[in-house]
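Report on the following structure.
In this text, all values refer to a predicted model and were calculated from it rather than measured experimentally. Along the sequence shown, residues are numbered consecutively beginning with 1.
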Amino acid sequence: METILLQFLVPILTAIISYMAAINKSKRELDIVKEQCNNEIEKIRIQSENEIRKLETELEKQAELYERNAKTDMTKEFMSDFMKTPEMKGFVNKAIGQQFKNQFK
């Protein structure tokens, strides 16, 4: 009876030990994969933050350029409208006439 019990017990113990070793190995591999994934996620997060900062900087520069262009356009439009007034036309013509007189005296 002992031999029959040993014949069943040895393979069962071997299977249990193999099973426990496989579970332990799988847990270690899973932990390694989790760590790799966490590192990859962190790397992507940092790249994304850098890209966002870069885009924000570009947008700020474009906004500044747009603002400067808008100011220039407004000044140009104001001066154009201002020079179209009859009073200003008369003043400019008079000033130009005086300049010509002073130049050719």
Side-chain angles (χ1 to χ4, degrees):
M1 170 120 165
E2 264 184 45
T3 33
I4 295 175
L5 188 61
L6 270 174
Q7 287 177 348
F8 284 111
L9 195 58
V10 170
I12 290 173
L13 287 176
T14 306
I16 290 173
I17 291 171
S18 295
Y19 175 75
M20 297 300 274
I23 287 175
N24 192 16
K25 181 180 177 186
S26 296
K27 284 182 181 178
R28 281 183 282 149
E29 288 176 355
L30 183 61
D31 288 340
I32 290 170
V33 170
K34 282 182 182 178
E35 185 65 30
Q36 288 173 343
C37 289
N38 286 335
N39 290 339
E40 187 67 24
I41 289 170
E42 183 65 20
K43 180 181 171 184
I44 291 170
R45 186 186 63 77
I46 290 170
Q47 287 175 343
S48 298
E49 288 175 355
N50 289 338
E51 190 67 28
I52 288 171
R53 276 192 229 110
K54 184 178 174 182
L55 290 172
E56 286 174 345
T57 303
E58 287 180 21
L59 285 174
E60 287 174 6
K61 288 179 182 179
Q62 287 179 354
E64 289 173 6
L65 179 61
Y66 177 77
E67 185 178 342
R68 276 187 269 143
N69 287 342
K71 286 179 182 179
T72 302
D73 291 344
M74 286 175 46
T75 303
K76 178 182 167 187
E77 186 178 323
F78 172 77
M79 291 303 290
S80 176
D81 290 344
F82 185 68
M83 294 301 283
K84 288 179 183 176
T85 62
E87 296 85 15
M88 210 47 209
K89 283 183 181 178
F91 176 75
V92 170
N93 287 338
K94 188 176 182 181
I96 291 173
Q98 286 178 352
Q99 284 294 327
F100 275 123
K101 285 181 186 177
N102 290 340
Q103 290 289 327
F104 297 113
K105 276 189 178 180

Original post:
Should Met20 and Ile12 be counted in the same cluster of Ile, Leu, Val, Met, Phe, Trp and Tyr side chains packed under 4.5 Å apart?
Top reply: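 Per the 4.5 Å side-chain linkage, Met20 and Ile12 are co-clustered.
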Subject >> All pairs passing side-chain hydrogen bond (donor to acceptor under 3.5 Å, both in side chains) where residues 33-45 contributes a residue, at least two apart >> reply: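 As it turns out, the side-chain hydrogen bond (donor to acceptor under 3.5 Å, both in side chains) pairs with a partner in residues 33-45, which skip direct neighbours, are Glu42-Arg45, Arg45-Glu49.
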**OP:** Not counting sequence neighbours, list each pair that qualifies as a side-chain hydrogen bond (donor to acceptor under 3.5 Å, both in side chains) and has a residue in residues 10-29.
**Re:**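 Every pair satisfying side-chain hydrogen bond (donor to acceptor under 3.5 Å, both in side chains) with a residue in residues 10-29: there are none.
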Subject >> ILVMFWY clustering at 4.5 Å (side-chain atoms), partners of Leu13 >> reply: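 Cluster partners of Leu13: Leu9.
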**OP:** Only counting residues at least two apart or in another chain, list the ones meeting side-chain contact (heavy atoms from CB on, under 4.5 Å) with Lys54.
**Re:**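 Scan of Lys54 (side-chain contact (heavy atoms from CB on, under 4.5 Å), adjacent residues dropped) gives Glu51, Glu58.
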Subject >> Spacing of OG belonging to Ser48 relative to CD1 belonging to Ile41, to within rounding of 0.5 Å >> reply: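 Ser48 atom OG to Ile41 atom CD1 measures 11.5 Å (nearest 0.5 Å).
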Original post:
How many angstroms lie between atom CD of Glu64 and atom CG of Asn69, to the nearest 0.5 angstrom?
Top reply: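 Going from CD on Glu64 over to CG on Asn69, the span is 12.0 Å.
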Original post:
Of all residues at least two apart in sequence or in a different chain, which pass the side-chain hydrogen bond (donor to acceptor under 3.5 Å, both in side chains) check with Arg53?
Top reply: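 side-chain hydrogen bond (donor to acceptor under 3.5 Å, both in side chains) list for Arg53, sorted by chain: Asn50.
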Original post:
Taking side chain as C-beta onward, heavy atoms only, is Gln62 less than 4.5 Å from Leu59?
Top reply: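 Yes, their side chains come closer than 4.5 Å.
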